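To start, the structure itself, in structure tokens.
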Amino acid sequence: MTARPLPVPDESSAQYWAHAREHVLSVARCRHCDRFTIPPGETCPHCLTSEPRFRFEPVSGRGRVRSWTVIRRASLLGFTDEVPYLLVDVELDEQPELRMIGRLVDGPNTVVHVGDPVRVTFEDVTAEIAVPAFCLAGHP
């Protein structure tokens, strides 16, 4: 059995992963135009500044399903024992077109519809790493 791959925080993502460890979803916000973006890059995709100086800010973690897929065959080592699982493409409430993909922890046989409300939850992969995931709103 191969262990699940873990994120390796670097200078640009350390704050994101520190928040996640505390079960807080944070998103990069451009200091120039004040818009959120996932993932942050060298430039802001909204205002196109090459000096966005992104800061990670907590967000509600609420959103709506845009699309989904069931993964039935692991394409990454370490996920073989986890299949099948359901991934959702979520538009977060904070900003139109602010999209994030994550596992739906409700299970691979869950009936999902476009527009279903979801909320963030976290998978504690290790004592130091928690990965954001989603669950249907109203479910534990």
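Predicted model only: the values in this text are computed from it and were never measured. Computation of the quantities below employed the complete heavy-atom set of this structure, encompassing side-chain atoms and omitting hydrogens, waters and symmetry-equivalent molecules.
- When every heavy atom of Ala133 is checked against every heavy atom of Glu123, the shortest pair comes out as CB-OE2, 3.9 Å.
- You'll find the side chain of Pro7 stays beyond 4.5 Å of the side chain of Ser13, heavy atoms only.
- The line from CZ of Arg66 to CG of Asp116 is 14.5 Å long, rounded to the nearest 0.5 Å.
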task: Begin from the C-alpha positions of Asp34 and Arg29 and carry the test salt bridge (charged side-chain N to carboxylate O under 4.0 Å, His left out) through to its verdict.
output: CA-CA 6 Å; Asp34 214 35; Arg29 180 173 265 191; 3.7 Å; yes
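- Under the salt bridge (Lys or Arg N to Asp or Glu O under 4.0 Å) criterion, Arg35 pairs with no residue, sequence neighbours left out.
- No donor-acceptor pair under 3.5 Å is formed between the side chain of Arg103 and the backbone N or O of Leu87.
- Tyr85 and Ile101 fall within a single hydrophobic cluster, where Ile, Leu, Val, Met, Phe, Trp and Tyr side chains are chained together by heavy-atom contacts under 4.5 Å.
- Rounding to the nearest 0.5 angstrom, the gap separating the OG atom in Ser12 from the CD atom in Glu42 is 8.0 Å.
- Of the possible polar contacts, none joining the Arg99 side chain to the Glu91 backbone as a donor-acceptor pair under 3.5 Å is found.
- Judged by distance alone, the side chain of Thr37 and the main-chain N or O of Pro40 form no donor-acceptor pair under 3.5 Å.
- Transitive grouping of hydrophobic side chains (ILVMFWY, heavy atoms separated by less than 4.5 Å) brings Val70 and Val114 into a common cluster.
- Of the possible polar contacts, one joining the Thr110 side chain to the Asp106 backbone as a donor-acceptor pair under 3.5 Å is found.
- Both Leu25 and Ile129 are assigned to one and the same hydrophobic cluster, defined by single-linkage of ILVMFWY side chains at heavy-atom distances under 4.5 Å.
- Using a 4.5 Å cut-off between side-chain heavy atoms of Ile, Leu, Val, Met, Phe, Trp and Tyr, with links allowed through other members, Trp17 and Phe54 fall into different hydrophobic clusters.
- When side chains are defined from C-beta on, Met100 counts as touching Pro132, because their heavy atoms get closer than 4.5 Å.
- Under the 4.5 Å side-chain criterion, counting only non-hydrogen atoms from C-beta, Leu48 is not in contact with Thr43.
- With Leu86 as the partner, the side chain to side chain contact (heavy atoms under 4.5 Å, CB included) test is satisfied by one option alone out of Thr69, Ile71, Leu104, Asn109: Leu104.
- The local environment of CZ in Arg62 is sparse, with at most 12 non-hydrogen atoms from other residues, nucleotides or ligands closer than 6.0 Å.
- When all heavy atoms of Ala14 and Pro9 are compared, the closest pair comes out as CA-CB, 4.1 Å.
- Note that CG of Asp89 and CZ of Arg64 are 14.5 Å apart. Values are rounded to the nearest 0.5 Å.
- Side-chain N or O atoms of Glu94 include one that pairs as donor or acceptor with a backbone N or O of Ser60 at under 3.5 Å.
- In terms of heavy atoms, Val105 sits closest to Cys135 at CG2-CB, 3.8 Å.
- Side-chain polar atoms of Thr49 and His32 form no donor-acceptor pair below 3.5 angstrom.
- Hydrophobic clustering (ILVMFWY, side-chain heavy atoms < 4.5 Å, transitive): Val24 and Val90 are in distinct clusters.
- Under a 4.0 Å N-O distance rule, the pair Glu57/Arg55 qualifies as a salt bridge.
- Among all heavy-atom pairs drawn from Trp68 and Val88, the shortest one is CB-CG1, 3.9 Å.
- Remark: Ala130 engages His23, Phe122, Asp124 in a side-chain contact (heavy atoms from CB on, under 4.5 Å) (not counting sequence neighbours).
- The CZ atom of Arg4 sits 12.5 Å away from atom OG1 of Thr80, with the distance rounded to the nearest 0.5 Å.
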